[in-house]
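What follows is one structure encoded as structure tokens, with my remarks underneath.
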Amino acid sequence: MTGRPTKCTPEVIEKAKAYIAGDWAVNGDVIPSHVGMYHYFKQNGVGVNRSSLYEWAKDENKGFSDILDACNKEQERILLNMGLKGEFNSNIVKLALGKQGYSDKQDMALSGGDKPIEGKWTVEIVDAKDTAT
């Protein structure tokens with residue numbers, strides 16, 4: 001039993017590469033994204049669901065996984081640069097980079113390997129006449 005033929009043709013692969021190479025900006029997107037690629041396809045006559053992009057990425061023969069990864073990397077690069085320049089809203093950059101694995105949390109936990117850290121206390125006896133004024 002065979003299913004429907006895939007819409008992930010060599011032409012679609014080329015359109016995806018063009019999107020990442022800069023057509024995302026021509027398409028009106030501020031940064032490249034998977035949803036932007038979906039809309040780019042739709043505007044260029046490739047009627048697919050956004051979920052199809054992820055299904056195509058699962059099939060290693062199509063190479064679409066590399067295309068989505070390249071889209072993420074370009075997005076990360078732009079977010080970092082525009083965020084550092086102050087040209088993008090910092091809260092939006094922080095939110096978007098969080099999806100790329102970035103975090104602003106600080107880990108303040110102390111660790112001593114497999115055993116608890118032992119504290120050492122020192123008590124100093126001070127002569128009362130040294131503290132009298």
Side-chain angles (χ1 to χ4, degrees):
M1 181 173 158
T2 61
R4 295 186 302 199
T6 183
K7 292 183 180 181
C8 187
T9 62
E11 294 80 23
V12 169
I13 296 287
E14 289 307 311
K15 283 186 190 310
K17 289 178 181 178
Y19 175 81
I20 294 166
D23 279 359
W24 57 268
V26 174
N27 198 47
D29 294 338
V30 177
I31 58 174
S33 66
H34 299 178
V35 72
M37 187 181 297
Y38 157 75
H39 283 285
Y40 177 74
F41 285 159
K42 188 175 173 183
Q43 291 174 348
N44 285 284
V46 181
V48 298
N49 293 319
R50 191 170 100 176
S51 61
S52 296
L53 306 181
Y54 304 113
E55 288 299 318
W56 296 343
K58 290 178 186 176
D59 185 350
E60 294 179 20
N61 294 329
K62 292 184 177 74
F64 211 80
S65 173
D66 292 338
I67 290 171
L68 292 184
D69 186 54
C71 182
N72 289 340
K73 296 286 188 248
E74 183 65 5
Q75 182 184 88
E76 178 182 2
R77 185 187 70 79
I78 293 167
L79 286 166
L80 280 171
N81 287 314
M82 298 306 249
L84 289 170
K85 290 179 182 180
E87 295 182 20
F88 282 179
N89 178 294
S90 61
N91 290 326
I92 299 299
V93 170
K94 180 179 172 182
L95 179 68
L97 286 176
K99 301 289 184 190
Q100 300 283 357
Y102 288 78
S103 168
D104 71 344
K105 68 181 176 181
Q106 295 180 349
D107 189 7
M108 300 299 285
L110 299 175
S111 116
D114 293 339
K115 52 188 171 181
I117 296 176
E118 296 179 22
K120 181 177 178 182
W121 293 86
T122 304
V123 177
E124 182 179 341
I125 300 174
V126 179
D127 191 331
K129 60 183 169 184
D130 288 343
T131 60
T133 53

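Among all heavy-atom pairs drawn from Val93 and Phe88, the shortest one is CG2-CB, 3.4 Å. Summarising the geometry of Ala57 relative to Ser65, their closest heavy-atom pair is O-CB, 3.4 Å, with the distance given to 0.1 Å. Between Asn91 and Asn89, the closest heavy-atom pair is N-OD1, 2.8 Å. Between Phe41 and Lys15 the shortest heavy-atom distance is CE2-CB, 3.9 Å.
Here CG of Leu53 is found 8.0 Å from NE2 of His34. Values are rounded to the nearest 0.5 Å. Taken from OG in Ser103 to NZ in Lys94, the straight-line distance is 8.5 Å, to the nearest 0.5 Å. Here Lys73 contributes atom NZ and Ile78 contributes atom CD1; the two are 14.0 Å apart, rounded to the nearest 0.5 Å.
Side chains of Met37 and Ile20 form a contact here, defined as non-hydrogen atoms less than 4.5 Å apart.
Tracing side-chain contacts under 4.5 Å through hydrophobic residues (I, L, V, M, F, W, Y), one reaches Tyr54 starting from Ile67; they form part of the same cluster. Neither Tyr102 nor Leu84 shares a network with the other; the hydrophobic side chains, linked directly or stepwise wherever heavy atoms of I, L, V, M, F, W or Y lie under 4.5 Å apart, form separate groups for each.
Side-chain atoms of Lys7 come within 3.5 Å of backbone atoms of Gly47 as a donor-acceptor pair (strictly under, hydrogens ignored). Judged purely by atom type and a 3.5 angstrom limit, Asn49 has no side-chain atom pairing as donor or acceptor with the backbone of Ser51.
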What do the steps show when you test Leu68 against Trp56 for side-chain contact (heavy atoms from CB on, under 4.5 Å), and what is the final call? CA-CA 10 Å; Leu68 292 184; Trp56 296 343; over 6 Å; no
Kindly indicate, with the supporting measurements, whether the criterion side-chain contact (heavy atoms from CB on, under 4.5 Å) is fulfilled by Glu14 and Glu11. CA-CA 5 Å; Glu14 289 307 311; Glu11 294 80 23; 5.7 Å; no
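In summary, of the residues considered (Asp59, Ile13, Asp69), a side chain to side chain contact (heavy atoms under 4.5 Å, CB included) with Phe64 occurs for Ile13 alone.
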Which donor-acceptor pairs under 3.5 Å do the side chains of residues 22-32 make with protein atoms, sequence neighbours left out?
residue, atom, partner, partner atom, Å
Asp23, OD2, Tyr40, OH, 2.6
Asp29, OD2, Tyr19, OH, 2.7

